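Only one structure is covered here, and it is reproduced in the block below.
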Amino acid sequence: MSEQIDQALERKYDAGFVSEIESETFAPGLNEDVIRRLSEIKGEPEWMTEWRLQAYRKWLKMDEPEWAHVDYPKVDYQSISYYSAPKSMKDKPKSLDEVDPELLRTYEKLGIPLHEQEMLAGVAVDAVFDSVSVVTTFREKLEEAGVIFCPISEALHKYPELVKKYLGTVVPKGDNFFAALNSAVFTDGSFVYIPKGVRCPMELSTYFRINEQNTGQFERTLIIAEEGSYVSYLEGCTAPQRDENQLHAAVVELVALDDAEIKYSTVQNWYPGDEDGKGGIYNFVTKRGLCEKNAKISWTQVETGSAVTWKYPSCILKGDNSVGEFYSVALTRGKQQADTGTKMIHLGKNTKSTIISKGISAGRSNNAYRGLVRMGPGAEGARNFTECDSLLIGDQCGAHTFPYIESSNPTAIVEHEATTSKVSDDQLFLCQQRGLDPEKAVSMIVNGFCKEVFRELPMEFAVEAGKLLEISLEGSVG
Amino acid sequence: MLSIKDLHARVEETTILKGLDLDIKPGEVHAIMGPNGAGKSTLGYVLSGREGYEVESGSVSLEDKDLLDMEVEERAQAGLFLAFQYPVEIPGVSNMEFMKESVNAMREARGEDALSSAEFLKKAKEACKQVELPLDFLKRGVNEGFSGGEKKRNEIMQMIMLEPKLAILDESDSGLDVDALQVVAKGVNSQRDGKRSFIVVTHYQRLLDYIEPDYVHILSNGKIVKSGGPELAKEVEKSGYAWLKEGEVA
């Protein structure tokens, strides 16, 4: 492919700065004492400590999965620090005024002002910095509606019964290697509870930031939507530019009870490493939602960051007539590798799922879609539609599709469509002949390719996602 | 407006243009005719700077600026427009978005402010009307699922919106029925204002019944072998290009 595209693709990573913040960080290493200490710092109830230890013991017996189409050196789990928190957070600031201004500046630089009056109207934010939640905005307003939106560490104190009832019910603590590790050492994350019949009055969003060196980020998010409720939730992620790889192993559990709807959107922009694949985040994430009767869970993800991505947001369509959706844009460039997709497990009658996956590969990257559609014996009249499109930019990248279809019910219908296309010289030439520089041209072509997915994002974020793609494709031309 | 001197250009290892000279003054319409393989489309691509079309020697200036020294988009911004013979699809990008980016990129290059959405829409509606395309056309993906005739009309619509100084129409008549041909010609004629120049590349005389050229040139084997007025096109229509070969032999 033309040299111009390569130049257009030279990426800047705007979120790559490091904040000078004094942190309390555990020495690297993992054993039962580390977990106990972590649990103690967080003042957790006894059962939680025990839960973590059980997860840890399971993890010790598990092997790191090797089936994904990714290649990275083995992670040394003893060289990672499992807890890091800004020192200023130790005294638990009660309001924004008490929060370390350097922390607030970090988020401001990232375009996430945490002062409520400056924020996007209608979006509440939980800001997680390394291992702790810094601040959650708009809490009073949400409380009026009966919505709980707080760090999960706080939920463990304030609503232990709720957490205990649902934690690990969708992603069990021994579910997989990374989920078990997360269950043992998760430090913070968001907790959301929407009461029966309530339509959450605003978008909820969590912004994850890894700052400290040699630390892993293990956040845990739990969202419970009671009967007939609705919530739209968005997460964003960035990390400084560092030469070492850093591990991010999160778990997200969604519970949508009868007639409830959860819309979960992700804009993931972890540091992807440099052109030669040095540094970057290992993003090994387990996300799964459970749908009861008539419930709906919709995953939308825009993934541009991380050195290695291993991520399959899934839906268990347990209740009759429940609906699962997965809309994904995954962009890889440089030496990034992504193995991402979804699992739709149809158990109930007349359950429906839609999968739209758009993979864009550039540079020397590899982008794989891996998806499972399973129709259980009880999935009478269930339907799935899958569309899987790959766009190649240049001739040194790879796109791969691994669809798995299992059907145990003859009345279930599964459809799968897949296409692979290239940003062609013809398209590029047409755009340039109409006065657009190659950079703008590539970003416009890619945006067009992703349109079906962007449409699913909440409006403010659709714009942001478009811009993020543009930045990811940005570089100096000429 | 445009001055081409002794232009030699090749595609890969094959030299296609072999010493082409052409002078176009503001407001003039020049038709370029010739047999298949004469280098007609190559000329359009070389002038617009397409990758893979390499200039070996010669010079080209547009309004006294060295065209060959500019990037593709800079040539476009300088006022060179190429209506494609086979316009390519850009799925998911609407005609509207595409043209808005395009119009504003041109304006920016001229140091003008971007058009507001309302101003742009007005202009776009006008242009659609000129080439008899329905308005919902603007919402469709660029050339996505367009018929051959729609693609050609879409090219002319873009030309109308971009108001170039020099427009090259690369076989804008190919594959069109008479009605569509007239629409395309009408669109082009509406843009003839005494200042804007055109190069009309065509294989057949038919288009020139509707777009009357000031000059007709016959391109053969990479060179202009004969120039004349509109009557030259009629001659070609009558006797074809066979005489060229005889000429070469002689």
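None of the values given here were measured: they were computed from a predicted structure. Here is how names work: the chains are called A, B, and so on, in the same order as the sequence lines, proteins then strands, and each is numbered from 1.
- With respect to the salt-bridge test (charged N to carboxylate O, under 4.0 angstrom), the residues A:Lys358 and A:Glu387 qualify.
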All N/O donor-acceptor pairs, side-chain side in residues 126-135 of chain B, below 3.5 Å, sequence neighbours left out:
residue, atom, partner, partner atom, Å
B:Gln130, OE1, B:Ser190, OG, 3.4
B:Glu132, OE2, B:Lys186, NZ, 3.1

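- Neither the backbone nor the side chain of B:Tyr86 comes within less than 4.5 Å of any heavy atom of chain A.
- Qualifying side-chain hydrogen bond (donor to acceptor under 3.5 Å, both in side chains) partners for B:Gln158, counting only residues two or more places apart in sequence or in other chains: A:Arg434.
- Salt bridge B:Lys65/B:Glu74: absent, no basic N to carboxylate O contact under 4.0 Å.
- The pair A:Glu415-A:Arg383 counts as a salt bridge, with a side-chain nitrogen and a carboxylate oxygen less than 4.0 angstrom apart.
- By a heavy-atom distance cut of under 4.5 Å, B:Glu97, B:Phe98, B:Glu101, B:Ser102, B:Ala105, B:Met106 are the residues of residues 97-110 of chain B near chain A, going up by number.
- B:Leu162 touches chain A through its side chain: at least one heavy atom from C-beta onward sits under 4.5 Å away, while N, CA, C and O do not.
- In terms of heavy-atom pairs under 4.5 angstrom with chain A, the leader among B:Ile90, B:Asn143, B:Val88 is B:Val88.
- Taking A:Gln301 as the reference, A:Thr266, A:Glu303, A:Lys311, A:Pro313, A:Phe326, A:Ser328, A:Thr340 meet the side chain to side chain contact (heavy atoms under 4.5 Å, CB included) condition, with sequence neighbours excluded.
- At a cut-off of 3.5 Å, with distance as the only test, no side-chain donor of A:Asn367 or A:Ser365 sits close to an acceptor on the other residue.
- For B:Ser3 and B:Lys5, the side-chain atoms include at least one donor-acceptor pair closer than 3.5 Å.
- Neither the backbone nor the side chain of B:Arg75 comes within contact range of chain A; no heavy atoms are under 4.5 Å apart.
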